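Quick note on labels: first sequence line is chain A, next is B, and so on, each numbered from 1. Keep in mind it's a predicted model, so treat the numbers as computed, not measured.
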Number of protein chains: 2
Amino acid sequence: MSDLKLPSFVSAQMVADRAGVSRSAVSRTFTDGASVSEATRRKVLEAADALGYHVNHLARGLRERSNIVCLVVADMTTPIRARMVDVLTRKLQASGKITMVINTETDTESVSAALRQTLNYRADATVVLSGTPPASLIETCLANGQQVILINRDERLQGSSNLGVDNAMAGREALFLLRRAGCERLGLITSNARTASLVERETVFVEAAAAKGVQVVVTEAGPTSYESGQEAARRVFGRSEAPDGVFCVTDLLALGFMDVARQDFGLTIPDDLCVVGFDDIEQAGWASYQLTTFRQPLNPMADEVVDLLLQPQRAVSERRMIEPIPVWRRSVRPGKR
Amino acid sequence: MSDLKLPSFVSAQMVADRAGVSRSAVSRTFTDGASVSEATRRKVLEAADALGYHVNHLARGLRERSNIVCLVVADMTTPIRARMVDVLTRKLQASGKITMVINTETDTESVSAALRQTLNYRADATVVLSGTPPASLIETCLANGQQVILINRDERLQGSSNLGVDNAMAGREALFLLRRAGCERLGLITSNARTASLVERETVFVEAAAAKGVQVVVTEAGPTSYESGQEAARRVFGRSEAPDGVFCVTDLLALGFMDVARQDFGLTIPDDLCVVGFDDIEQAGWASYQLTTFRQPLNPMADEVVDLLLQPQRAVSERRMIEPIPVWRRSVRPGKR
DNA sequence: CGAAAAAATGCACTTGTGTGCAATCGCTAT
DNA sequence: ATAGCGATTGCACACAAGTGCATTTTTTCG
């Protein structure tokens, strides 16, 4: 049997022993506004430093709020999602929270499992970036005093807060831009994900066009990705009546669409074809694309999330909407040809 | 005073009361291999379900391992980092761990703060993807029985495990490819980040070239980004002796470099200029780029991390190396011009 | 100098688990 | 019927913190 002490975390008791004070004194030293004399405080800090003491937030979380926020997300490699996660973790951290990332598939089943994890770790709040959580589980979260914030998911679940961008505005504006450019045969490219957000952009665009007496050819490719955009372009330009202006419900789709349109069908953008996207991912601004699109204002959105979190828990479910910001680049002509 | 009970988490005690058994029975029901009769188990599960009970992993983590792994990462929006985080969270989750993401700047100061958070939450292990943690803090982590895994950071710290790709191989192979393509004036594009990985790719490439009697013009732009690649291209092709073959230490740099080379200087790739990158981000495979590069084998790397985590703690610090996989696309000629 | 007020300190309880140990229960074999 | 034995069960403790309350200790003021 070895005498070597296994390395393990140092507790407040050890610090207390070394400093010659009670454990309470240690606790109070690390608690804001607690009453400790300057002398003991110094002794404690010194001992803590020598031993490498760190307050155990798990134990703290047993009594009060855990300061843990769970982020449920799928498709994390997508540029827009990656940025969302980045901005959110940053802002949450800045406001004293810590983020647990739960990486799921979009299907309800695995989102359920994610939500349960959230409960296991006593997260103060759960932020859902993708996937549709079942209403029953949301209720469980709320019943446990957990806050639920859904981002860009338009399922309206009783008790959860919703936060999203104004998709309708983007749909209308996209139509306006393409018509101003003189496009006559309009197309809409979407994925088979059929998220509420994507569907809304599509329907608003199509309906606004119908109101102007213009028909829109809708093409639905595979998942929301660059490759689906490519596939959509192959399908669209293989047909007789090719569009001269398209709204892709996502930048990734747009970029794949543009590449095939130019390289496989020899089209020039914006002369032969105008393209509008949505999200404003970094790649949309790259020299090869210069895509006109709508920026999701991630910083304001993350600010809203933090704001919701810091609010005293409200019984009523809230719904906040943020305007996307049009970003004019060169994939759409500024005026008629 | 309201009689309404505040919503709060349901504890094992409540479940025990409802099921008419002791709290131990509840605990044992949710512990693998514990001794519970089928009858009580059923009663417990039923009560738990009715109340919406979820084991408190925080409390569990007080006694044994917390199953929390901290991921310290900077530059999360970079495609390669986003993928790393994605793959790691997936694999960790699959092996029963949960990931806490700590988003830091690359500066040592904020990495320190991140490491301390790691200790606060009693993470079993810390995985550092970017940024240089100070050795003293790593020691604290190790002293507390925490495992530290550094990925692609070549600082060799006593007690930590290192995991990285073979940068030397990439440097040599890049040179081989460019020379086989008949390139005569070689360039190397790097950023001012001066990470160990980037530096190694650079020096190996330059030295291997020197061994063949070829000089390499090294250009160092700003941070590791698309824009820095663009800037580097403007500098490089503004000079008299422009290169006809370059190795960019990162795909992002390479893509920016390619765009400016083609659009601002009218060069054709790979006829006038051959380009090799590193990382194999999704965009490298896009039709507009078709970049020849080296894939970081993320899945095997994540497997290694999980493997290291499941190993019983070893006193000796380990160092594992993974071979990057060459990906041949069209940015380099297959043979001499 | 002494009483009263204020500040500091320690005890003990709380949070929700897992688990060693002892007691109990149920069943079998003699 | 009863001893013997293994499977259950419950008690009590440990984990690491925060905090109300009572008890010192210190400070202040008359």
Side-chain angles (χ1 to χ4, degrees), chain A residues 6-45 47-48 51-68 119-124 144-146, chain B residues 5-45 47-48 51-68 117 119-124 144-146:
Chain A
L6 271 186
S8 90
F9 285 92
V10 8
S11 71
Q13 186 60 64
M14 301 184 203
V15 177
D17 291 348
R18 188 179 225 266
V21 298
S22 80
R23 198 187 56 71
S24 308
V26 178
S27 180
R28 286 194 240 268
T29 300
F30 292 99
T31 308
D32 270 2
S35 167
V36 214
S37 74
E38 196 47 43
T40 45
R41 170 187 211 80
R42 243 205 359 268
K43 279 192 292 184
V44 168
L45 286 179
L51 295 175
Y53 170 72
H54 293 261
V55 177
N56 187 337
H57 282 28
L58 265 46
R60 170 186 283 176
L62 272 188
R63 312 191 80 249
E64 34 201 286
R65 294 208 323 290
S66 65
N67 281 331
I68 296 176
L119 291 166
N120 283 334
Y121 280 99
R122 293 318 189 239
D124 296 339
N144 283 334
Q146 199 174 83
Chain B
K5 198 169 69 61
L6 271 185
S8 92
F9 286 93
V10 8
S11 70
Q13 185 61 63
M14 302 186 204
V15 177
D17 291 348
R18 186 179 227 266
V21 298
S22 80
R23 198 187 53 72
S24 308
V26 178
S27 180
R28 285 192 239 268
T29 300
F30 292 99
T31 308
D32 270 1
S35 167
V36 214
S37 73
E38 196 47 44
T40 46
R41 168 186 213 83
R42 241 204 1 266
K43 278 192 291 182
V44 167
L45 286 179
L51 296 175
Y53 170 72
H54 293 262
V55 176
N56 187 337
H57 282 27
L58 265 43
R60 170 186 283 175
L62 272 187
R63 314 192 77 252
E64 37 200 278
R65 294 206 324 290
S66 65
N67 281 329
I68 295 175
Q117 280 277 19
L119 292 166
N120 283 336
Y121 280 98
R122 294 317 191 241
D124 296 338
N144 282 332
Q146 200 175 81

| message | So A:S35, base contact, sugar-phosphate only, or nothing? Heavy-atom distance under 4.0 Å. | response | base

| task | Given side chain to side chain contact (heavy atoms under 4.5 Å, CB included), test B:K43 with B:V21 step by step and report yes or no. | result | CA-CA 9 Å; B:K43 278 192 291 182; B:V21 298; 4.1 Å; yes

| Reckon A:R122 has a side-chain N or O less than 4.0 Å from the OP1 or OP2 of C:dT17? | yes

| message | Expressed as a whole number of angstroms, how long is the span from B:N120:CG to D:dA16:P? | response | 14 Å

| request: Name the residue closer to the 5' end of DNA chain D, choosing between A:R28 and B:R23 according to the nucleotide with the nearest heavy atom. | output: B:R23

| C:dT17 phosphate, OP1 or OP2: any side-chain N/O from B:Y53 under 4.0 angstrom? | yes

| request: Please state how far atom NE2 in A:H57 lies from atom C1' in D:dA17, giving the value in whole angstrom units. | output: 11 Å

| query | Which pair of non-hydrogen atoms, one from B:A47 and one from B:A19, has the smallest distance, and what is that distance? | reply | CB-CB, 3.9 Å

| Nucleotide of D:dA17, C:dG18, D:dT8 approaching A:A12 most closely (side-chain heavy atoms) | D:dA17

| query | What integer distance in Å separates A:R65:CZ from D:dG18:P? | reply | 14 Å

| task | To the nearest Å, give me how far apart CG (A:L62) and C1' (C:dC13) are. | result | 14 Å

| request: With DNA chain D as reference, determine whether B:V36 or A:V55 sits nearer its 5' end, using the nearest nucleotide of each. | output: B:V36

| Is a side-chain donor or acceptor of B:S66 paired with a backbone partner of B:R122 at a separation under 3.5 angstrom? | yes

| message | On the nucleotide D:dG10, are OP1 or OP2 found under 4.0 Å from the side-chain N or O atoms that B:S22 carries? | response | yes

| said: Whole angstroms only, please: what is the CZ-C1' distance between B:F30 and C:dG16? | reply: 13 Å

| Heavy atoms under 4.0 Å, any strand shown: does B:S24 hit a base, just sugar-phosphate, or nothing? | base

| Counting any heavy atom closer than 4.0 Å, what does B:Q13 reach on the DNA or RNA strands: base, sugar-phosphate only, or nothing? | nothing

| request: Determine: side-chain N/O of B:S37 to OP1/OP2 of D:dA7, distance under 4.0 Å, yes or no. | output: no

| Across the strands shown, which category fits B:S27 at heavy-atom distances under 4.0 angstrom: base, sugar-phosphate, nothing? | base

| Between C:dG16 atom P and A:N144 atom CG, what is the distance in whole Å? | 11 Å

| Which is true for A:R41 with a 4.0 Å heavy-atom rule: it touches a base, it touches only sugar-phosphate, or it touches nothing? | nothing

| message | Taking the minimum atom-to-atom distance to the side chain of A:N56, which one of D:dT8, C:dT9, D:dA17 wins? | response | D:dA17

| field | Phosphate contact (C:dT17 OP1 or OP2) by B:R63 side-chain N/O below 4.0 Å | value | no

| request: With the side chain counted from C-beta on, respond yes when A:N56 and A:R60 share a heavy-atom pair under 4.5 Å apart, and no when they do not. | output: no

| said: How many whole angstroms separate atom CD of A:E64 from atom P of C:dC13? | reply: 21 Å

| query | Just by modelled atom types, is the A:A123 backbone N or O under 3.5 Å from a matching donor or acceptor in the A:Q146 side chain? | reply | yes

| request: In whole angstrom, give the distance that lies between atom OH of A:Y121 and atom P of C:dT17. | output: 13 Å

| field | Flag side-chain contact, heavy atom, 4.5 Å: B:L58 against B:Y121 | value | no

